[in-house]
**Q** 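Pasting in a structure now, in structure tokens, and then I'll have a few things to ask.
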Amino acid sequence: MNEMPDEGRPPAPSIRVLLAEDQGMMRGALALLLGLEPDIEVVAQVGAGDEIVAAALASRPDVALLDIELPGRSGLDAAADLREEVPDCRVLILTTFGRPGYLRRAMEAGAAGFLVKDGPVEELAAAIRRVLAGETVVDPALAAAALSSGPSPLTARERDVLVASVDGATVADIAAKLHLSESTVRNYLSSAIGRTGTRNRMEAVRAARQQGWL
């Protein structure tokens, strides 16, 4: 005898997703496609990294889907902020930049997953469900590359100095921004150049960005 469906049973709650992506067309497309999944609801969309925590506090998502390259604050830094401010929210990094250093930093920031953007939306939806279930989801090729590349050779201060150098800032500019002496900045730049095996600070910045260390 076939059982009749329980029409009085409430529907299963949707997975609440926050989406952070700076490209409006991409953000809209992802929100639309994820919204077609029967168990996923996009409850917040932001275009800047410094808007993520406030949006998460207001909308209380189950999963935050974050790009890395965001204005205001990177998705990796925002992931660490969410761990402190909204600990129940699982973080899934979705990025164009499949760099081993980014994966390591994402995991250190408490992210539960890391995927590149070239996969189908069904794979992304499945990853959202898996991280909410407590799994860690990482692009397999990127995981292998991260294991083979090893950790970043840069210290925290060397990284800070290189980040401040990205736009061609002078030593004096970097010193003022980081509240360091100019001689200390030069020392950090010199050691960062040595650790990255490059010839000058612009090459060091380029190499570090390619590896995902910045």
**Q** Please name all residues satisfying side-chain hydrogen bond (donor to acceptor under 3.5 Å, both in side chains) with E37, sequence neighbours left out, ordered by chain then number.
**A**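 By the side-chain hydrogen bond (donor to acceptor under 3.5 Å, both in side chains) rule, E37 matches R129.
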
**Q** My understanding is that only residues two or more places apart in sequence, or in another chain, count here; which of them pass side-chain hydrogen bond (donor to acceptor under 3.5 Å, both in side chains) with D173?
**A**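 Testing D173 for side-chain hydrogen bond (donor to acceptor under 3.5 Å, both in side chains), a comparison that skips the adjacent residues, returns T170.
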
**Q** Say you draw a straight line from CG of D160 to NZ of K177; how long is it, rounded to the nearest 0.5 Å?
**A**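 Reported to 0.5 Å precision, the distance equals 9.5 Å.
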
**Q** Tell me every residue that passes salt bridge (Lys or Arg N to Asp or Glu O under 4.0 Å) with D81, counting only those two or more places apart in sequence or in another chain.
**A**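 Salt bridge (Lys or Arg N to Asp or Glu O under 4.0 Å) list for D81, sorted by chain: R73.
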
**Q** For E41, enumerate each residue passing the salt bridge (Lys or Arg N to Asp or Glu O under 4.0 Å) test, keeping only those at least two apart in sequence or located in another chain.
**A**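 Not a single residue meets the salt bridge (Lys or Arg N to Asp or Glu O under 4.0 Å) criterion with E41.
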
**Q** Would you name the heavy atoms of R105 and L76 that are closest together and state the gap between them?
**A**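 Where R105 meets L76 most closely, the heavy atoms are CZ-CD1, 3.6 Å.
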
**Q** As a quick check of understanding, evaluate side chain to side chain contact (heavy atoms under 4.5 Å, CB included) for R209 and V166, giving each step before the final call.
**A** CA-CA 10 Å; R209 292 192 77 175; V166 166; 3.6 Å; yes

**Q** Hey, does I40 have a side-chain heavy atom less than 4.5 Å from the side chain of R16?
**A**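 Answer no - side chains too far apart.
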
**Q** Would you indicate whether the side-chain heavy atoms of V43 and P61 approach each other to under 4.5 Å?
**A**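 Yes. Closest side-chain heavy atoms under 4.5 Å.
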
**Q** With hydrophobic residues grouped by side-chain heavy-atom distances under 4.5 Å, do L18 and L34 end up in a single group?
**A**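 Hydrophobic grouping puts L18 apart from L34.
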
**Q** Applying salt bridge (Lys or Arg N to Asp or Glu O under 4.0 Å), name anything that partners E108, two or more places apart in sequence or on another chain.
**A**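 E108 satisfies salt bridge (Lys or Arg N to Asp or Glu O under 4.0 Å) with no other residue.
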
**Q** Not counting sequence neighbours, which residues clear side-chain hydrogen bond (donor to acceptor under 3.5 Å, both in side chains) with S190? List them please.
**A**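 S190: no side-chain hydrogen bond (donor to acceptor under 3.5 Å, both in side chains) contacts found.
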
**Q** Looking at side-chain heavy atoms only, is the closest gap between I174 and Y188 below 4.5 Å?
**A**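 Result no, sub-4.5 Å side-chain heavy-atom pair not found.
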
**Q** Are T136 and V131 close enough that some pair of their side-chain heavy atoms sits under 4.5 Å apart?
**A**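 No, every pair of side-chain atoms sits at 4.5 Å or beyond.
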
**Q** Would you say V137 and L103 are hydrophobically clustered, going by side-chain heavy atoms of ILVMFWY under 4.5 Å?
**A**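 Different clusters.
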
**Q** If hydrophobic clusters are built from ILVMFWY residues whose side chains come within less than 4.5 Å, do M202 and L189 share one?
**A**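 No, separate clusters.
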
**Q** Output a table of donor-acceptor pairs, distance under 3.5 Å, between side-chain atoms of residues 20-33 and any protein atom two or more places apart or on a different chain; print 'none' if there are none.
**A**
{"from": "E21", "atom 1": "OE1", "to": "K117", "atom 2": "NZ", "distance (Å)": "2.6"}
{"from": "E21", "atom 1": "OE2", "to": "Q23", "atom 2": "N", "distance (Å)": "3.0"}
{"from": "R27", "atom 1": "NH1", "to": "E21", "atom 2": "O", "distance (Å)": "2.5"}

**Q** Do V17 and L82 belong together in a cluster built from hydrophobic side chains that touch within less than 4.5 Å?
**A**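 Per the 4.5 Å side-chain linkage, V17 and L82 are not co-clustered.
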
**Q** Out of curiosity, L36 CG to E122 CD, how far, rounded to the nearest 0.5 Å?
**A**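 Interatomic distance, L36 CG to E122 CD, rounded to 0.5 Å: 10.0 Å.
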
**Q** What are the two closest non-hydrogen atoms of G49 and L70, and how far apart are they?
**A**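 Looking at all heavy atoms of both residues, the closest pair is N-CB, 3.7 Å.
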
**Q** For the CD1 atom of I93 and the CG atom of L65, what is their distance to the nearest 0.5 Å?
**A**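 Here the interatomic distance stands at 8.5 Å.
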
**Q** Going by the rule side chain to side chain contact (heavy atoms under 4.5 Å, CB included), which residues pair with I193 if we only count those two or more places apart in sequence or in a different chain?
**A**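 Checked I193 against side chain to side chain contact (heavy atoms under 4.5 Å, CB included); matches are T198, R201, A204.
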
**Q** Sequence neighbours excluded, which residues qualify as side-chain hydrogen bond (donor to acceptor under 3.5 Å, both in side chains) partners of R195?
**A**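 Per chain and number, R195 pairs via side-chain hydrogen bond (donor to acceptor under 3.5 Å, both in side chains) with E158.
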
**Q** Does the pair T96 and V116 meet the rule for a side chain to side chain contact (heavy atoms under 4.5 Å, CB included), with working shown?
**A** CA-CA 5 Å; T96 305; V116 292; over 6 Å; no

**Q** For side chain to side chain contact (heavy atoms under 4.5 Å, CB included), just list the numbers for S14 and D39, CA-CA rounded to whole Å, side-chain angles, deciding distance to a tenth of an Å, and then say yes or no.
**A** CA-CA 5 Å; S14 293; D39 59 341; 5.6 Å; no

**Q** Holding to side chain to side chain contact (heavy atoms under 4.5 Å, CB included), I want the full list of residues that pass it with A79, two or more places apart in sequence or in another chain.
**A**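 A79: side chain to side chain contact (heavy atoms under 4.5 Å, CB included) contacts with L66, V91, A109.
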
**Q** For residues 47-66, which residue pairs pass the side chain to side chain donor-acceptor pair (under 3.5 Å) check, not counting sequence neighbours?
**A**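 Qualifying pairs, neighbours excluded: none.
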
**Q** Can you give me the closest heavy-atom contact between A164 and A169, atom names plus distance?
**A**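 Shortest heavy-atom contact: O-CB, 3.4 Å.
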
**Q** Could you tell me whether the side chain of T155 reaches within less than 4.5 Å of the side chain of R159, counting heavy atoms only?
**A**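 SC-SC contact between R159 and T155 ruled out.
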
**Q** Under the salt bridge (Lys or Arg N to Asp or Glu O under 4.0 Å) test, which residues partner R130, sequence neighbours left out?
**A**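 So R130 forms a salt bridge (Lys or Arg N to Asp or Glu O under 4.0 Å) with E135.
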
**Q** Can you see which heavy atom on L92 is nearest to which on F114, and at what distance?
**A**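 Looks like CD1-N, 3.8 Å.
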
**Q** Would you kindly confirm whether I68 and V138 end up in one hydrophobic cluster when ILVMFWY residues are joined by side chain heavy atoms under 4.5 Å apart?
**A**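 They do share one cluster, since a chain of ILVMFWY contacts under 4.5 Å joins I68 to V138.
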
**Q** Are the side chains of V185 and L178 in contact, using a 4.5 Å heavy-atom criterion?
**A**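 Side-chain contact under 4.5 Å: no.
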
